[in-house]
Amino acid sequence: MLFGSQILCKGETGPTVAELQLRLAGFRGTCWDGVYGPGTELQVITFQRDYMKMDNPTGIVAEDTFEALDRFAQEFVIDFSALACPECQCQGFGKNRFRHQYIHGKPKIEQFHKCEYPGVHKAILHTYRAAQFYAKQMGLSLPIISSGYRCWIYNDKKQRSTTNHLGKALDIDFPLKAGEDKRDDCRRCDSFRGILVEKCNFQLGWGANNMKSLEPANIAPSWIHLDVRCYEPKYLADKYFVTTAAQLDTHLTHG
Ligand SMILES: [Zn+2]
Ligand SMILES: [Zn+2]
C-alpha cells in the first residue's frame, strides 16, 4: 500500500495526500482534496509538535511521521459497536435510503438532507481520536461516544427529525466522576469545546463552509456534538464513510 512508503511534502497531490488529510482531520484540519497545500502542512506541523513532540516540526511526512500516525491510530481505538445505531434493524449504519431527499418543506441543503450515509465519516472518527489525545494531554479522562449513528427507523421511533446523526455526526461526553453533578458536566463540556476550537479548528455552529462544526452549548449543554455537515457534497462521498475499524485504517502501514 502506498500510504507510508513515500515521502510527502508540500506540492504533492493524490489519494495518499487525501488519506493523510483525513488522518490529520483533528490536527487543525483542512479539506480532504488530495492537495498538499499550506493547510495540510499546518496539519502535519501540528501533529509533529503536539503528538510527536518534535522541537522543530518539518511539515514533511517521512518514515517517522508515518510510524507516528500508525501509533496514534492504535493508541486511540474507536469502538464501532458504540458507534452503531441503537435498538434497530438497520445493521448499525442505516439502509442507504433517502439520497437527495430533503425534509418536507425545508430548503434542499445538507442540514435537511435525509440521506442515510453508508457509515460514519472518516474525518469525524479521526477527529475523535485527536479529541481523545488532547483530553489525555489535559489530564481529563478520555471522552466516550454517547451517540453515533441514528437511522430513520430509530429517528421515527424516537420522534426525531434531525438529519445530524446519519453518518456525519458524533456525540461525545465525559462521564461524571464521584461527587460531580450536571453543572460540572456542562462546565467541562464547555471548556473542552474551547479546546476543540483552538486545537482542532472547529467552528461553533455552522456559519462557514468546509469546516468541522460543534453544536453550541445552548443546544448541547452536557455533551459535545461534532459534525461535518458544512462540507461540500464531494467531501461527503460514500468512500469517506466507514462501518468497521478495518475500513477506517485501511492504509495503515503494518510492518
Ligand atoms: Zn438504525
Ligand atoms: Zn449530536
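Numbering starts at 1 and runs along the sequence shown. Side chains included, hydrogens not; waters and symmetry mates left out as well; all remaining heavy atoms used. In listed order, ligands and their atoms are each counted from 1. Given the structure is predicted, the values throughout are model-derived calculations rather than measurements.
No side-chain N or O of Asn155 forms a donor-acceptor pair with one of His165 less than 3.5 Å apart.
Residue Asp227: no N/O/S atom is found under 2.8 Å from the Zn ion (ligand 2).
Around the Zn ion (ligand 1), the two atoms SG of Cys88 and SG of Cys85 are separated by an angle of 110°, to 10 degrees. For His165 atom NE2 and His225 atom ND1, the angle they make at the Zn ion (ligand 2) is roughly 110°, to 10 degrees. The Zn ion (ligand 1) is the vertex of the angle joining SG of Cys151 and SG of Cys90, which measures 110° to the nearest 10°.
A cation-pi arrangement is found for Arg229 relative to Trp206, the charged atom lying closer than 6.0 Å to the ring centre and inside a 45° cone about the ring normal.
Arg71 has its side chain out of reach of Gln74: every pair of non-hydrogen atoms, C-beta onward, lies at least 4.5 Å apart.
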Intermediate values then yes/no, side-chain hydrogen bond (donor to acceptor under 3.5 Å, both in side chains), Gln43 and Thr30: CA-CA 8 Å; Gln43 287 182 285; Thr30 183; 5.3 Å; no
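Using a distance-only test at 3.5 Å, with no hydrogens or angles considered, no donor-acceptor pair links the side chain of Lys199 to the main chain of Tyr134.
Asp171 has its closest N, O or S atom to the Zn ion (ligand 2) at the position named OD1.
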